[in-house]
**Student:** 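One structure, pasted below without further comment.
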Amino acid sequence: MRLLAESLASQRSVLRCEATEQDINHELRHRLPWTIDGVEIMWAAVTVSADEHARTCAERIARLRSEEELAELARDQLSARIRFMQDEILRTPATARLYLMLEQAGQELPPGTDVDALVKAVQQWHSRGRATSCVLCVPCSWSAERRNWPSNSPSRKRIRKPGTGREADG
């Protein structure tokens, strides 16, 4: 019986002595009566306790594990937020400005911020979608600089002009 109790106790936490005691006593009740060398054991019970040092060490280990799990969760949340910012917020200059404005809600907006123009720009970018953005690695607007590139520029390519469905020199 002692080996059975030690075996079950070794699989449990020192912090849960009462639960371990109940599990061992439950297992003993299911195995009794037990006959060994002509002696029949009809009833047995176990009391489990842990010394203060073992309990303190187990609490410290549990706290460190919990802190590590929280740190890992914070890292995962930060990674998800960075991915979201890269995929959604920083996708266009207009959404980046809008995000900055929303993050500063309750604070003073930068002087000269035209909220209506910013919302309109975000709506224009959103209606274009990702498939119609220009060939550059970073989304850009159809600025005068881009339309006036020399025709022999290696960066000049045939692309679909956003919002029109027609191809244009890029």
Side-chain angles (χ1 to χ4, degrees), residues 1-110 113-141 162:
M1 278 192 275
R2 181 181 182 129
L3 293 176
L4 173 67
E6 287 176 352
S7 158
L8 288 172
S10 69
Q11 301 169 10
R12 306 300 198 286
S13 169
V14 173
L15 298 176
R16 297 182 40 92
C17 288
E18 296 83 16
T20 303
E21 185 176 304
Q22 289 176 2
D23 290 346
I24 293 170
N25 285 327
H26 177 76
E27 186 64 30
L28 285 174
R29 277 192 299 274
H30 276 71
R31 294 188 181 209
L32 294 176
W34 199 336
T35 306
I36 299 175
D37 296 331
V39 176
E40 187 174 24
I41 301 171
M42 301 297 292
W43 182 86
V46 173
T47 302
V48 177
S49 64
D51 64 24
E52 194 59 35
H53 177 70
R55 183 176 290 278
T56 304
C57 289
E59 288 170 349
R60 175 184 271 165
I61 290 170
R63 188 176 56 249
L64 291 172
R65 283 184 182 146
S66 175
E67 289 172 2
E68 179 61 31
E69 289 172 1
L70 289 173
E72 184 176 340
L73 179 61
R75 285 190 302 271
D76 291 346
Q77 288 175 338
L78 181 61
S79 292
R81 185 170 183 184
I82 289 171
R83 278 192 309 275
F84 174 75
M85 288 184 74
Q86 288 172 335
D87 295 345
E88 299 297 328
I89 295 169
L90 300 176
R91 188 173 71 196
T92 68
T95 55
R97 286 193 302 269
L98 181 61
Y99 177 77
L100 178 64
M101 186 177 70
L102 292 173
E103 283 289 307
Q104 294 175 342
Q107 300 176 10
E108 197 172 308
L109 292 175
T113 302
D114 183 1
V115 177
D116 292 329
L118 183 56
V119 170
K120 186 176 179 179
V122 169
Q123 288 172 339
Q124 287 175 347
W125 276 101
H126 184 67
S127 66
R128 290 182 191 164
R130 292 185 183 188
T132 58
S133 62
C134 60
V135 212
L136 298 177
C137 296
V138 178
C140 69
S141 61

**Student:** With the threshold set at 4.0 Å, does a side-chain nitrogen-carboxylate oxygen contact exist between R75 and E68?
**Tutor:** yes
**Student:** For L3, give me all partners under side-chain contact (heavy atoms from CB on, under 4.5 Å), at least two apart in sequence or on another chain.
**Tutor:** E6
**Student:** Would you confirm whether T20, through its side chain, and R16, through its main-chain N or O, come within 3.5 Å as a donor-acceptor pair?
**Tutor:** yes
**Student:** Show the nearest heavy-atom pair for residues A44 and L32, with the distance to one decimal.
**Tutor:** N-CD1, 3.4 Å
**Student:** CD1 of I41 to OG1 of T35: how many Å apart, nearest 0.5 Å?
**Tutor:** 8.5 Å
**Student:** Find the distance between CZ (R83) and CE (M85) and round it off to the nearest 0.5 Å.
**Tutor:** 13.5 Å
**Student:** Checking H26 now: which residues fulfil side-chain contact (heavy atoms from CB on, under 4.5 Å) with it, not counting sequence neighbours?
**Tutor:** R29, H30
**Student:** About how many Å separate OG of S7 and CZ of R12, when rounded to the nearest 0.5 Å?
**Tutor:** 8.5 Å
**Student:** Name all pairs fulfilling the salt bridge (charged side-chain N to carboxylate O under 4.0 Å, His left out) condition that reach into residues 31-46, sequence neighbours left out, sorted by first residue then second.
**Tutor:** E27-R31
**Student:** If you compare all heavy atoms of I24 against all heavy atoms of A5, which two are closest, and at what distance to 0.1 Å?
**Tutor:** CD1-O, 3.5 Å
**Student:** Residues two or more places apart in sequence or in another chain: which of them pass side-chain contact (heavy atoms from CB on, under 4.5 Å) with Q86?
**Tutor:** I82
**Student:** Could you tell me if the side chain of D23 sits less than 4.5 Å from the side chain of L8, heavy atoms only?
**Tutor:** no
**Student:** Show every side chain to side chain donor-acceptor pair (under 3.5 Å) that has at least one partner inside residues 47-65, sequence neighbours left out.
**Tutor:** none
**Student:** For A45, check side-chain contact (heavy atoms from CB on, under 4.5 Å) against everything at least two apart and list the hits.
**Tutor:** N25, W43
**Student:** Taking all non-hydrogen atoms of both residues into account, name the closest pair between A96 and L90 and its distance.
**Tutor:** CB-CD2, 4.0 Å
